[in-house]
Asker: 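Pasting a structure below so you can have a look.
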Amino acid sequence: MAGQNITSADAIIELVIAELYPSGFNLEQFEAQNIFEMGDTDTAEYQRTADGKLLGGFVYGDLPWTFHLAASSPSIKYIDNWQTTQMTTRSVLRVNGTVILPSLGKKYIMTNGILQRARRMPSAGRVLQPVTGLIQWETVTPEDYSA
């Protein structure tokens, strides 16, 4: 670990949608309190037998990843276009992504994702609220990273 630093202020997130953005785009202007969340992933199913034995088997669990962008984020135009294209063509455009966390010396390669849901407009209160989206990934693979 790079000096026990756990900041997320230096996070770099890139998404690539081959049909729309083959060179990729970065997520920018994250929501102040929450950049993204990686959900828990089940890796086993189990059954307990009548005589108390625990049986189990490996399963591929979901890999849900929720991102949060400030309402003013320039990245929202990419998400809007992605979602609009899917609705217009009635098809799913796959995404690949990379999350780099320099403070931890970690890089995460995310592959074959599906945009499951995204907010079409920010909610409005005293100020405009963050825009969120949920991508389900096929794989998320951690790697070491050094700048």
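The figures that follow rest on heavy atoms only: side chains count, while hydrogens, waters and symmetry mates do not.
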Asker: Say you draw a straight line from OG of Ser72 to CD of Glu28; how long is it, rounded to the nearest 0.5 Å?
Answerer: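 If we round to the nearest 0.5 Å, Ser72:OG and Glu28:CD are 10.5 Å apart.
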Asker: Output the rest of the hydrophobic cluster of Phe58: all Ile, Leu, Val, Met, Phe, Trp and Tyr residues reachable through side-chain heavy-atom contacts under 4.5 Å, sorted by chain and number.
Answerer: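 Members besides Phe58, by chain and number: Tyr60.
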Asker: Is Tyr46 isolated, or which residues cluster with it under the ILVMFWY side-chain rule of less than 4.5 Å, directly or via members?
Answerer: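 Its cluster partners, ordered by chain and number, are Leu54.
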Asker: Nearest 0.5 Å, please: how far is CD in Gln116 from CH2 in Trp65?
Answerer: 14.0 Å
Asker: Which residue pairs pass the ring-ring contact (aromatic ring centres under 6.0 Å, His included) test when at least one of the two sits in residues 95-114, sequence neighbours left out?
Answerer: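 Sorted result for residues 95-114: empty, none.
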Asker: I'd like to check the side chain to side chain donor-acceptor pair (under 3.5 Å) partners of Asp51; sequence neighbours left out, ordered by chain and number.
Answerer: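 Per chain and number, Asp51 pairs via side chain to side chain donor-acceptor pair (under 3.5 Å) with Thr49.
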Asker: Which residues pass the ring-ring contact (aromatic ring centres under 6.0 Å, His included) test with Phe30, sequence neighbours left out?
Answerer: none
Asker: Tell me every residue that passes side chain to side chain donor-acceptor pair (under 3.5 Å) with Thr7, counting only those two or more places apart in sequence or in another chain.
Answerer: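 Here no residue qualifies.
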Asker: My understanding is that only residues two or more places apart in sequence, or in another chain, count here; which of them pass side chain to side chain donor-acceptor pair (under 3.5 Å) with Glu19?
Answerer: none
Asker: Would you mind writing out the side-chain donor-acceptor pairs for residues 88-96 within the sub-3.5 Å range, not counting sequence neighbours?
Answerer:
unit_1	atom_1	unit_2	atom_2	d
Thr88	OG1	Thr84	O	2.8
Thr89	OG1	Thr85	O	2.7
Thr89	OG1	Ser91	OG	2.7
Arg94	NH1	Asn112	O	3.4
Arg94	NH1	Asn112	OD1	3.4
Asn96	OD1	Asn112	N	2.8

Asker: So, do Phe36 and Phe67 have ring centers that fall under 6.0 Å from each other?
Answerer: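 Distance test on ring centres: not under 6.0 Å, no.
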Asker: Under a plain distance cut-off of 3.5 Å, with no hydrogens placed, do Asn34 and Glu37 share a side-chain donor-acceptor pair?
Answerer: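 Side-chain D/A pair, Glu37 to Asn34: present.
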Asker: Share the residues that join Tyr145 in a hydrophobic cluster, the rule being Ile, Leu, Val, Met, Phe, Trp or Tyr side chains under 4.5 Å apart at the heavy-atom level.
Answerer: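 Tyr145 clusters with Ile12, Ile100.
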Asker: State, without any angle test, whether Thr132 and Thr66 hold a side-chain donor-acceptor pair at a distance under 3.5 Å.
Answerer: no
Asker: Can you name the closest pair of heavy atoms from Leu101 and Ala11 and give their distance?
Answerer: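 Nearest pair, atom of Leu101 first, then Ala11: CD2-CB, 3.8 Å.
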Asker: Which residues satisfy the side-chain contact (heavy atoms from CB on, under 4.5 Å) test with Arg117, sequence neighbours excluded?
Answerer: Leu134
Asker: How long is the span from the CG atom in Asp80 to the OH atom in Tyr78, to the nearest 0.5 Å?
Answerer: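 It is 12.0 Å, given to the nearest 0.5 Å.
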Asker: I'd like to know whether CE of Met121 has more than 12 heavy-atom contacts from other residues, nucleotides or ligands below 6.0 angstrom.
Answerer: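 Open: at most 12 neighbouring heavy atoms sit under 6.0 Å from CE of Met121.
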Asker: So, taking the atom named OG in Ser103 and the one named CG in Asp10, what distance separates them when rounded to the nearest 0.5 Å?
Answerer: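 CG of Asp10 is found 5.0 Å from OG of Ser103.
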Asker: Give the other cluster members for Val127, using side-chain heavy-atom distances under 4.5 Å between Ile, Leu, Val, Met, Phe, Trp and Tyr residues; answer none if it is isolated.
Answerer: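 Besides Val127, the hydrophobic cluster comprises nothing; the residue is isolated.
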Asker: Just jot down the side chain to side chain donor-acceptor pair (under 3.5 Å) partners of Glu45, sequence neighbours excluded, or say none.
Answerer: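 Listed in chain order: nothing, the list is empty.
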Asker: If the test is side-chain contact (heavy atoms from CB on, under 4.5 Å), which one of Glu31, Arg119, Gln33 qualifies with His68?
Answerer: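 Single side-chain contact (heavy atoms from CB on, under 4.5 Å) partner of His68 among Glu31, Arg119, Gln33: Glu31.
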Asker: Does the Thr98 side chain pair with the main chain of Ile109, one donor and one acceptor, at a distance under 3.5 Å?
Answerer: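 No; judged by distance alone, with no hydrogens or angles, the pair does not exist.
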